[in-house]
Amino acid sequence: MRNSKLENEMDLKPLSTSKEWKLIYYQHGRPGLEESKKIKGLCNYCDLKSLCGLPKPEIGVWRCEHYIAKIRKKRGLHENVLKLLEKALETNNFDRDICKIMAETMNELVVHFPVRMDDDRVKMLTGYRVQHNNVLGPFKGGLRFHPMVDIDEIRALATLMTWKTAIVNIPFGGAKGGIHIDPADFSPKELERITRRFTFALGNNIGPEYDIPAPDVNTNPQIMAWIQDTYMSTISPNERNRSIHVVTGKPIESGGSVGREKATGQGVVYCIERWAQDHGFNLKGATYIVQGYGNVGSWAARLMKRNGSKLIAVEDVTGAIKNKEGIDADDLVHYVKEHGGVADYPKAQPIDHEVFFNTKADIFIPAALENAIRRDTAELLNVKLVAEGANGPTDEEGNEVLQRKEIDVIPDILCNSGGVIVSYFEWLQNKRSEFWELDEIDTKLKKIIVSAYERVRDAAQKYKVDWRTAAQIVALYRLEMVYKERGIFP
Ligand code: NAD
């Protein structure tokens, strides 16, 4: 495995501070500016790319200052994760040596691979797989396709996966992966070739009993089916049918599980229901707002609707909308499928980012990307509960503000664990050649996530800490027990 620290593009510095947009060139995969050019226009890689007419260079990657500033803003996702670990350490007398192990990732793989585009040219792309820990079982974690994917993010998300599987007591470790692309830039055929070539590049660094990817941001059951097929096509014929569980979140026909698609949103809603029960809070008529209307956000919104709660504002990458009379979560799903986002939804009013965050509601479900709840946005929030569907949606300062404002938080590693729990069910069904019915899946999921919720709640009371720290304590406690029982080899 290569040392991915070399790949950290966050070390890039712009050459000047001119207000003019600059595009900055660096050699693909290697930090350091090789050459720079001042070009009037907007970056074709950042959020403003729709305004840009600049062609992408064939060699090298072009980034504008805006994009680099964005990367800097999210700098330290892994640092945030480590700070949480330190906080848990201060609260409980955990074994320092075991915490040293937990603070590092086990393996970091960075692959650069060529893919032929529809116009017959070849593009070099970069993908990552980070395996944080497998003391509890095979590495497990999603794969995302996003232009902001970098090693820091994947390292942090892999670490969170280890805590998550430990909290919910399932026999998996933690991993995460991704490809540094904006899938909107590629045709379906190109995406298939990208996925297959990345899978080939990962080789036996993934496997059904070793490291099992799943869907995450901008990836879906179809992408899992391509990974499964590529993996199975590159191993010996008599191993093939014993390997269908190399990925979870597959289409049902290819060995997927019923209930997996909605599992993360379902888990979020089971947690919210348990919170409501604890607080004597009636979800019927309660209001909620959702950031991110992809898999997690839309399913959480639809399942909240079944409780009689009212969705009043939604934000995604295309914009934000509000309707205080209520937005029909199912109708919005159809609209998003057709139009690619919530912007211009005719049955609501457009609002800006600040108004979205300032919308008075009972519950906020962040289900987009990390660091959405920072100091400024947390100050705006006007809710009783934040139920974290996304991974790492709250940074350290945002968390402090939530605590000061006494907003309850169901932290990500507990709240969004429904996905990995049902992935575990899918994996088990594949191994046993079984097919479980939806009510069996839902009953088992609820049992597991609600008991994890109760463990975190009890730890928060016992150690007098916030829920995020409590969740970390529950995870570390389990990991420490296993390390102590087994010892450190040799
Ligand atoms: P997705 O790709 O299906 O949806 C992502 C959503 O976020 C989209 O609606 C997109 O428009 C929105 N978004 C992206 N950038 C945004 C921005 N800057 N502002 C507002 N909205 C923005 O992804 P998903 O699978 O639903 O994952 C969402 C989050 O949930 C991620 O943090 C992911 O890691 C986490 N998660 C997903 C799963 C799963 O099973 N899919 C499991 C656990 C955690």
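Being a predicted model, the structure only gives us computed values, none of them experimental. Values reported hereafter were calculated over all heavy atoms of this structure, with side chains retained and with hydrogens, waters and symmetry mates removed. Nothing fancy with the numbering, it's 1 onward along the sequence.
- Panel note: side chain Asp316, backbone Gly341; no donor-acceptor pair is recorded below 3.5 Å.
- Residues passing the side-chain contact (heavy atoms from CB on, under 4.5 Å) test with Lys431, sequence neighbours excluded: Glu209, His245, Trp427.
- Between Glu190 and Lys123 no salt bridge is recorded (no basic side-chain N to carboxylate O distance below 4.0 Å).
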Please report the C-alpha distance between Trp467 and Glu388 in whole Å, then the side-chain angles of each, then the deciding distance to 0.1 Å, and finally whether the side-chain contact (heavy atoms from CB on, under 4.5 Å) criterion is met.
CA-CA 12 Å; Trp467 279 47; Glu388 294 183 342; over 6 Å; no
Residues Arg468, Thr394; criterion side-chain contact (heavy atoms from CB on, under 4.5 Å); working and verdict
CA-CA 10 Å; Arg468 201 179 300 286; Thr394 310; 3.5 Å; yes
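- Counting only residues at least two apart or on different chains, the salt bridge (Lys or Arg N to Asp or Glu O under 4.0 Å) pairs with a member in residues 471-482 are Glu480-Lys484.
- In this structure a side-chain-to-backbone donor-acceptor pair under 3.5 Å is missing from Thr165 to Val420.
- Trp163 places a side-chain heavy atom less than 4.5 Å from the side chain of Leu479.
- The local environment of CG in Asn169 is crowded, with over 12 non-hydrogen atoms from other residues, nucleotides or ligands closer than 6.0 Å.
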Pair Arg193-Asp118, salt bridge (charged side-chain N to carboxylate O under 4.0 Å, His left out): steps then yes or no:
CA-CA 10 Å; Arg193 287 196 291 274; Asp118 291 345; 2.8 Å; yes
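- Between the side chain of Tyr128 and the main chain of Arg155, no donor-acceptor pair closer than 3.5 Å is present.
- Atom NZ of Lys446 sits in a sparse spot, with 12 or fewer heavy atoms from other residues, nucleotides or ligands closer than 6.0 Å.
- Taking the six-membered ring for Trp and thresholds of 30 and 60 degrees, Phe425 and Trp436 have ring planes inclined between 30 and 60 degrees apart.
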For a salt bridge (charged side-chain N to carboxylate O under 4.0 Å, His left out) check, start with the C-alpha distance between Glu86 and Lys83, then their side-chain angles and the critical distance, and finish with the verdict.
CA-CA 5 Å; Glu86 279 168 24; Lys83 279 188 182 152; over 6 Å; no
Applying salt bridge (charged side-chain N to carboxylate O under 4.0 Å, His left out), run through Arg302 and Asp330 and close with a yes or a no.
CA-CA 6 Å; Arg302 294 167 80 178; Asp330 294 300; 2.7 Å; yes
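- Side-chain atoms of Asp216 and Lys176, non-hydrogen and from C-beta on, do get closer than 4.5 Å to each other.
- Judged by distance alone, the side chain of Tyr288 and the main-chain N or O of Ala301 form a donor-acceptor pair under 3.5 Å.
- No donor-acceptor pair closer than 3.5 Å links the side chain of Lys262 to the backbone N or O of Leu303.
- Side chain of His112 to backbone of Thr126: no donor-acceptor contact under 3.5 angstrom is found.
- Distance CG/Leu143 to CD1/Ile206: 7.5 Å, rounded to 0.5 Å.
- One finds the CD atom of Gln291 at 5.0 Å from the CD atom of Glu315 (value rounded to the nearest 0.5 Å).
- Judged purely by distance below 3.5 Å, without hydrogens or angles, the side chains of Thr219 and Arg144 never pair a donor atom with an acceptor atom.
- By the 4.5 Å heavy-atom criterion applied to side chains, Ile449 and Ser417 are counted as neighbours.
- The backbone N or O of Glu104 sits less than 3.5 Å from a side-chain atom of His132, completing a donor-acceptor pair.
- The backbone N or O of Lys100 lies less than 3.5 Å from no partner atom in the side chain of Asp97, so there is not a single donor-acceptor pair.
- The backbone N or O of Gly392 lies less than 3.5 Å from a partner atom in the side chain of Asp412, making a donor-acceptor pair.
- Asp328 is listed as a side-chain neighbour of Lys305, based on a closest heavy-atom distance under 4.5 Å.
- Residues Thr377 and Ala372 approach most closely at OG1-O, 2.8 Å, considering heavy atoms.
- At least one side-chain heavy atom of Asn241 sits under 4.5 Å from a side-chain heavy atom of Met232.
- Between Gly389 and Val268, the shortest heavy-atom contact is CA-CG2, 3.9 Å.
- Leu82 is linked by a side-chain contact (heavy atoms from CB on, under 4.5 Å) to His78, Leu85, Ala103, counting only residues two or more places apart in sequence or in another chain.
- The environment of OH in Tyr477 is sparse: at most 12 heavy-atom neighbours from other residues, nucleotides or ligands sit within 6.0 Å.
- One finds the CG atom of Leu77 at 12.0 Å from the CD1 atom of Ile151 (value rounded to the nearest 0.5 Å).
- By the 4.5 Å heavy-atom criterion applied to side chains, Leu125 and Arg197 are not counted as neighbours.
- For Asp331 and Tyr345, the side-chain atoms include at least one donor-acceptor pair closer than 3.5 Å.
- By the neighbour-count criterion of 12 heavy atoms within 6.0 Å, atom CZ of Phe435 is densely surrounded, having more than that number from other residues, nucleotides or ligands.
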Stepwise, does the side-chain contact (heavy atoms from CB on, under 4.5 Å) test hold for Lys447 with Thr443?
CA-CA 6 Å; Lys447 196 166 172 214; Thr443 308; 5.8 Å; no
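- The shortest distance between side-chain heavy atoms of Lys164 and Asn416 falls below 4.5 Å.
- Nearest heavy atom pair, residue Phe139 against residue Ala175, reads CB-CB, 3.7 Å.
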Assess whether side-chain contact (heavy atoms from CB on, under 4.5 Å) is satisfied between Asp442 and Tyr270, documenting all intermediate values.
CA-CA 10 Å; Asp442 281 348; Tyr270 284 148; 3.5 Å; yes
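- When all heavy atoms of Ile365 and Ile272 are compared, the pair lying nearest together is CD1-CD1, 3.9 Å.
- When all heavy atoms of Leu414 and Ile410 are compared, the closest pair comes out as CD2-CG2, 3.8 Å.
- The shortest non-hydrogen separation linking Val247 to Met224 is CG2-O, 3.4 Å.
- Distance check: Asn80 CG to Thr159 OG1 gives 11.5 Å after rounding to the nearest 0.5 Å.
- In this structure, the side chains of Asn205 and Asp211 stay at 4.5 Å or more apart for every pair of heavy atoms.
- Between the OG1 atom of Thr318 and the CG atom of Asp344 there is a distance of 8.0 Å, given to the nearest 0.5 Å.
- Judged by distance alone, the side chains of Thr230 and Thr199 never bring a donor and an acceptor atom under 3.5 Å apart.
- Distance alone, capped at 3.5 Å, places no donor-acceptor pair between the Ser254 side chain and the Lys250 backbone.
- Here CD of Gln222 is found 7.0 Å from CD of Glu192. Values are rounded to the nearest 0.5 Å.
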